[in-house]
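Reading through the structure tokens given below for one structure.
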Amino acid sequence: MWPVRVGLSTALKGILLPALCVACDGVLSGDDRGLCGPCRSRLVPMSGPCCPRCGTPSDSDEEPCLGCAASPPPQHATVLWGSYEGVLRRAVLALKHSRHDELARPLGGRLAARLVIAPWCDEITAVTAVPSHELRRFRRGTSAAALLAAEVAKGTGAEPIAALRRHGFGRQAGRTRRQRTQLPRGSFSARMNLAGHTVLIVDDVCTTGTTLRRAAETLIEAGAEAVTCAAMAHAPDPRRI
């Protein structure tokens, strides 16, 4: 194990300064971790009908949206928990970039609770995360998608697995929506044979859905009987708001 060296100033900050809410900077009290009580109450799921295939807001919960009708995604269902704005956006960013791993439980628990009421949830046999590149993950020390996937696996009772490997150093973050849709095939490969499995792929944020498509294609090519997807937050296309 690598030695951990904590400077005196850092140690004193941890003792003397109160923990703050990542969303409102208010002082946390009691058993609160990461988010204060009022901000947790502002974590609100998306409402209204959503496309059953890609999970985006649509006219019907039963019929695929126009985009999925024209170009069906490889996954047979997708759940997007909430809109990437307000408290949810700040919480996801804190989990992704500020090492607030404690937020995985309240966020992942909410996503799992939404998934268990889906009619196809009982068919899931394994849960995996959309991976970041191994060097990027080594530098961060953790992956928000993996932390969420672990909580979802607990909540659904499915087996957590690391089924995907990422290739290339390109990141979707910071790209335009058009650039995101050009994520090449071959961006992922499977770590194992998935014959007999119905796999749920978990990600932190879904913008265009291309990453989930590519990941789902990879798992199906690796033998998965079916693939479903879930993301904690959906970043809507501003042109459609």
Side-chain angles (χ1 to χ4, degrees), residues 1-47 55 79-116 127 129-156 160 171-175 180 201-207 211 230-238 241:
M1 179 181 294
W2 292 102
V4 177
R5 298 178 180 176
V6 179
L8 179 60
S9 62
T10 301
L12 288 175
K13 286 180 182 178
I15 296 171
L16 301 176
L17 295 180
L20 302 180
C21 172
V22 302
C24 71
D25 289 331
V27 176
L28 297 178
S29 60
D31 295 330
D32 288 342
R33 297 291 183 273
L35 288 170
C36 65
C39 284
R40 287 191 186 222
S41 69
R42 297 188 186 102
L43 288 173
V44 181
M46 289 198 298
S47 60
V79 165
L80 306 177
W81 190 83
S83 294
Y84 190 50
E85 58 188 10
V87 173
L88 180 58
R89 181 177 185 274
R90 290 189 284 272
V92 170
L93 286 173
L95 177 63
K96 284 171 67 73
H97 302 301
S98 301
R99 300 182 182 275
H100 280 278
D101 294 3
E102 72 277 10
L103 291 169
R105 180 174 292 180
L107 296 180
R110 283 165 169 77
L111 183 56
R114 170 61 184 83
L115 287 164
V116 296
V127 176
V130 171
S132 55
H133 191 277
E134 291 181 359
L135 289 179
R136 229 180 269 285
R137 189 167 61 251
F138 176 78
R139 186 170 60 195
R140 289 183 181 177
T142 187
S143 160
L147 292 171
L148 291 170
E151 294 300 325
V152 167
K154 292 177 187 176
T156 60
R171 302 174 61 190
Q172 291 290 70
R175 294 182 175 181
R180 288 170 180 265
I201 304 171
V202 176
D203 204 358
D204 43 35
V205 181
C206 173
T207 302
T211 298
M232 192 68 226
H234 171 239
D237 186 341
I241 296 178

Looking only at heavy atoms, the pair that brings L147 and A104 closest together is CB-CB, 3.7 Å
Distance-minimising heavy-atom pair for R114 and V79
CG-CG1, 3.5 Å
According to the side-chain hydrogen bond (donor to acceptor under 3.5 Å, both in side chains) rule, which pairs have a member within residues 100-109, sequence neighbours left out?
H100-E102
Which side-chain N or O atoms in residues 80-89 pair as donor and acceptor under 3.5 Å with protein atoms at least two apart or in another chain?
{"from": "W81", "atom 1": "NE1", "to": "R110", "atom 2": "O", "distance (Å)": "3.4"}

Please report the shortest heavy-atom distance between G155 and A112, naming the atom on each side.
CA-CB, 4.0 Å
Do you know the tightest heavy-atom contact between A91 and L103?
O-CD1, 3.5 Å
CE (M232) and CG (L107) are apart, to the nearest 0.5 Å, by 5.0 Å
Give the minimum heavy-atom separation between V152 and G108, together with the two atoms involved.
CG2-O, 4.0 Å
All N/O donor-acceptor pairs, side-chain side in residues 40-47, below 3.5 Å, sequence neighbours left out:
{"from": "R40", "atom 1": "NE", "to": "L35", "atom 2": "O", "distance (Å)": "3.3"}
{"from": "R40", "atom 1": "NH2", "to": "R33", "atom 2": "O", "distance (Å)": "2.9"}
{"from": "S41", "atom 1": "OG", "to": "P38", "atom 2": "O", "distance (Å)": "2.5"}

Could you check if a side-chain atom of L28 sits within less than 4.5 angstrom of a side-chain atom of L20, using non-hydrogen atoms only?
no
Who passes salt bridge (charged side-chain N to carboxylate O under 4.0 Å, His left out) against D204, sequence neighbours left out?
K96
Shortest non-hydrogen pair, C39 vs A23, comes out as SG-CB, 3.7 Å
